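The figures that follow rest on heavy atoms only: side chains count, while hydrogens, waters and symmetry mates do not. The model shown is predicted, which means the values in this text are computed figures rather than measured ones. This chain uses plain numbering: 1 for the first residue, then up along the sequence.
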Amino acid sequence: MAIFSKSFDEPDEQRSPDKTSVDVVKLPGASVARITFQPGWRWSECIRPVIGGDSCQVRHVGTLLSGEMEVVHDDGTKANLVPGVAYVIEPGHDAWVVGNDPAVSLEFESLAAETYAKA
């Protein structure tokens, strides 16, 4: 048996598109991302210019640690994310920070951690 741990203070990878900070730690068989979205962040304004497309095509599995976010799926489904909420967000959505505080999330979907906001 083995135990693996890494600190987000020393991530394996960092990305920083507009109003966004993505810190990725890679563990055996899994990657986890801590994403910080600054006030005024919106996927369609801050991430779309990096990757293109009409809406976010990443599947997200995670939890919001702080701040507040609104998510609207292409089919009109809406969700408000607040601290302590675990979520699955399927591809095809826009999202934005609500209010004046940064929103911080942990993403457990390895593909999302490895590719989110990556050109």
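Remark: F108 pairs with no residue by the ring-ring contact (aromatic ring centres under 6.0 Å, His included) rule, at least two apart or across chains. For the side chain to side chain donor-acceptor pair (under 3.5 Å) test, residues two or more places apart in sequence or in another chain that qualify with R42 are S44, D94. Evaluation of the ring-ring contact (aromatic ring centres under 6.0 Å, His included) rule for H73 yields no partner, not counting sequence neighbours. Under the side-chain contact (heavy atoms from CB on, under 4.5 Å) criterion, P91 pairs with Q57, R59, not counting sequence neighbours. Annotation: side-chain contact (heavy atoms from CB on, under 4.5 Å) contacts of D12 (sequence neighbours excluded): K6, V25, K26. Partners of T63 according to the side chain to side chain donor-acceptor pair (under 3.5 Å) rule, which considers only residues two or more places apart in sequence or in another chain, do not exist here. In terms of the salt bridge (charged side-chain N to carboxylate O under 4.0 Å, His left out) criterion, D18 has no residue partners (sequence neighbours excluded).
In this structure, P39 and G99 approach most closely via the heavy-atom pair CB-O, 4.0 Å. Contact between P17 and I47 at its shortest, heavy atoms only, is CG-CD1, 3.7 Å. Nearest approach of T115 to L111, heavy atoms of both residues: OG1-O, 2.7 Å. Closest of all the heavy-atom pairs between A103 and L64 is CB-CD1, 4.2 Å. Closest approach of P49 and C46 over heavy atoms only: CD-C, 3.8 Å. Here the closest heavy-atom approach between residue G40 and residue K19 is recorded as O-NZ, 3.6 Å.
Hydrophobic cluster membership is shared by V82 and V97, with clusters built from Ile, Leu, Val, Met, Phe, Trp and Tyr side chains linked at under 4.5 angstrom. W43 is not connected to V104 by any chain of hydrophobic side-chain contacts under 4.5 Å among Ile, Leu, Val, Met, Phe, Trp and Tyr, and they are in different clusters. A single hydrophobic cluster is seen to contain both V50 and V58, as judged by linkage of ILVMFWY side chains at heavy-atom distances under 4.5 Å, directly or through other members. By the rule that hydrophobic residues join a cluster once side-chain heavy atoms approach within less than 4.5 Å of another member, V85 and V71 end up as members of one cluster. In terms of hydrophobic clustering, with Ile, Leu, Val, Met, Phe, Trp and Tyr side chains grouped at heavy-atom distances under 4.5 Å, Y87 and W41 are assigned to a common cluster.
Within the hydrophobic cluster formed by Ile, Leu, Val, Met, Phe, Trp and Tyr side chains joined at under 4.5 Å, directly or through other members, V61 is accompanied by V88. Applying the 4.5 Å side-chain rule to ILVMFWY residues, one finds W96, V98 in the same cluster as V72.
Pairs of residues two or more places apart, or lying in two chains, never qualify as salt bridge (Lys or Arg N to Asp or Glu O under 4.0 Å) while including a residue from residues 70-86. Applying the ring-ring contact (aromatic ring centres under 6.0 Å, His included) test to every pair with at least one member in residues 14-35, sequence neighbours left out, gives no pairs at all.
Separating the NE2 atom in H60 from the OG atom in S105 is a distance of 8.5 Å, to the nearest 0.5 Å. Note that NE2 of H93 and OG of S55 are 7.5 Å apart. Values are rounded to the nearest 0.5 Å.
There is no side-chain donor-acceptor pair under 3.5 Å between E109 and Y116.
A 4.5 Å side-chain heavy-atom check between V22 and E13 finds every atom pair outside the cut-off.
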Show me the side-chain donor-acceptor pairs of residues 28-38 shorter than 3.5 Å, one per line, residues at least two apart or across chains.
unit_1: S31; atom_1: OG; unit_2: E114; atom_2: OE2; d: 2.8
unit_1: R34; atom_1: NH2; unit_2: F8; atom_2: O; d: 3.4
unit_1: R34; atom_1: NH2; unit_2: D23; atom_2: OD2; d: 3.1

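Residue N80 qualifies as enclosed at atom CG: its count of foreign heavy atoms under 6.0 Å is above 12.
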Start with the C-alpha distance between V24 and E107, add both sets of side-chain angles, then the distance that settles side chain to side chain contact (heavy atoms under 4.5 Å, CB included), and finish with yes or no. CA-CA 9 Å; V24 180; E107 290 277 336; over 6 Å; no
